[in-house]
Amino acid sequence: MTRAARESADSVSVALLSWYDRHARRLPWRAPPGETPDPYRVWLSEIMLQQTTVVTVAPYFQNFIERWPRVESLAAAPLEEVLTAWAGLGYYARARNLHACARKVAGELGGRFPDDEAGLRALPGIGPYTAAAVAAIAFGRKATPLDGNIERVVARLFDVETPLPRAKPELRRLAERLTPERRAGDHAQAMMDLGATVCLPRGPKCLLCPLQAACAGTAAGRAEALPRRAPKAARPTRHAVAFWVLDEAGAVLLRRRPPKGLLGGMMELPSTEWREAPWSEGEAVVQAPLAAEWRALPGRVRHTFTHFHFEIEVWAGRADGGGSVSEAGETARWVRLDDLGGEALPSVMRKIVRHALAQAGG
Ligand code: SF4
């Protein structure tokens, strides 16, 4: 890096840190100024914040910290309890990896998180972004986490016109150039805060921005249009029929999904496979969990995952002595409607339950 580039990066970092000292967001997982952050809290929050907003994460974080205040207590909890506490937060592989990671840290590593990026990346569920964030925030390492918010700030600051994802290596190089030797954790959090509160995707508040004088995107008059993105492929739609079955006592049949894959280990209503072609009645009935008289409920439930839209038709039936759990499969069990709130039901399944209750009643 040339001397001029170094000096310019230093002045950006100084302006950013001084802004952060005055405007840092107060977040439940952040250590108060002057206190050393607890790596467990930093790690837990960073895993929860992957693909998820601060507002959504805050109550989940509080609940986890109250129930499992240390990595050892989280490690000792049954996976099923952790999945249930995670229900609604999405991207459920994170919860399974969280638990596996806690077990590894509490067991093999004697309760201490590794204090550098390489050591952190060797743990379950910790990718390059989370390793850099934890290394910088919890341990003060010079590391540069780079997520969508920070990429946006950097693309604008340096007026990078190359579209994403091709721009990623360039944005990384530029972001690393900005990272200071000291206070790397505060710098990372300042970049996160700037992206979340000032350098917004639409309508960046450049007049309030501590980096305005250095911002090449603003000088070129195109900051808001950055970063540019290559057009996305259209999301396909998958279809399924879900079965809402009540027994004589009014309990509903649920089953656990396989441990690996989408929504792995979470509970669900029994359903057909999820596939791109819609299901005919004859095809769907073969995949019903037990023999019953099925009634298709009006309407459809729609949900969007990262890579596809999901459209579900719901069939209702009763198992009045005509069906059994063994017929429904080993992972199925009956759950009283009052107890559904305590089940590890992901958001899409909660939507289906609401739809079934509204259309078929209990
Ligand atoms: Fe973002 Fe505007 Fe600040 Fe540039 S000046 S970093 S575009 S908020």
Side-chain angles (χ1 to χ4, degrees), residues 1-27 30 33 45-46 49-58 128-130 132-133 135-137 142-232:
M1 199 190 318
T2 64
R3 191 165 156 204
R6 177 73 269 155
E7 284 174 2
S8 146
D10 286 349
S11 73
V12 164
S13 168
V14 167
L16 188 63
L17 285 171
S18 124
W19 172 82
Y20 183 72
D21 288 339
R22 282 172 287 125
H23 298 287
R25 286 179 294 174
R26 287 169 193 265
L27 300 173
R30 278 196 182 159
S45 66
E46 288 298 336
L49 286 163
Q50 292 167 1
Q51 328 265 1
T52 313
T53 63
V54 162
V55 174
T56 305
V57 164
Y129 172 84
T130 305
I137 298 168
K142 188 184 175 203
T144 308
L146 195 64
D147 67 356
N149 275 333
I150 299 176
E151 279 178 348
R152 180 171 66 254
V153 174
V154 175
R156 290 172 173 177
L157 193 56
F158 292 94
D159 191 27
V160 175
E161 286 222 80
T162 314
L164 283 167
R166 198 151 48 86
K168 278 181 183 286
E170 187 181 358
L171 295 176
R172 164 150 297 285
R173 190 174 48 77
L174 293 167
E176 284 173 355
R177 188 199 282 183
L178 291 178
T179 304
E181 294 290 337
R182 295 185 55 241
R183 297 190 67 190
D186 284 347
H187 173 84
Q189 292 177 100
M191 290 292 274
M192 294 171 189
D193 284 13
L194 194 76
T197 62
V198 177
C199 195
L200 302 169
R202 295 219 181 92
K205 301 174 183 170
C206 301
L207 290 175
L208 301 177
C209 179
L211 310 185
Q212 194 193 11
C215 184
T218 301
R222 57 177 160 243
E224 190 168 354
L226 300 176
R228 302 208 189 279
R229 288 175 198 281
K232 276 192 185 159

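Numbering starts at 1 and runs along the sequence shown. When a ligand or atom number is given, it counts from 1 through the structure's own listing order. Below, each value reflects all heavy atoms present in this structure, side chains not excepted, and no hydrogens, waters or symmetry copies.
- The pair Arg222-Glu161 meets the salt-bridge criterion, with a side-chain N (NZ, NE, NH1 or NH2) lying under 4.0 Å from an Asp/Glu carboxylate O.
- Checked for salt-bridge contact, Asp10 and Arg177 miss the test: no charged N lies under 4.0 Å from a carboxylate O.
- Ordered by chain and number, Cys206 SG make up the set of protein N, O or S atoms under 2.8 Å of atom 2 (Fe) of ligand 1.
- Taking a cutoff of 4.0 Å between a charged side-chain nitrogen and a carboxylate oxygen, Asp193 and Arg30 qualify as a salt bridge.
- Thr179 approaches Ala184 most closely through the heavy-atom pair CG2-CB, 4.2 Å.
- Side chain of Arg152 to main chain of Cys199: a donor-acceptor pair is present (N/O by atom type, distance under 3.5 Å, no hydrogens or angles).
- Listed for the Arg228 side chain is no donor-acceptor partner under 3.5 Å among the backbone atoms of Thr162.
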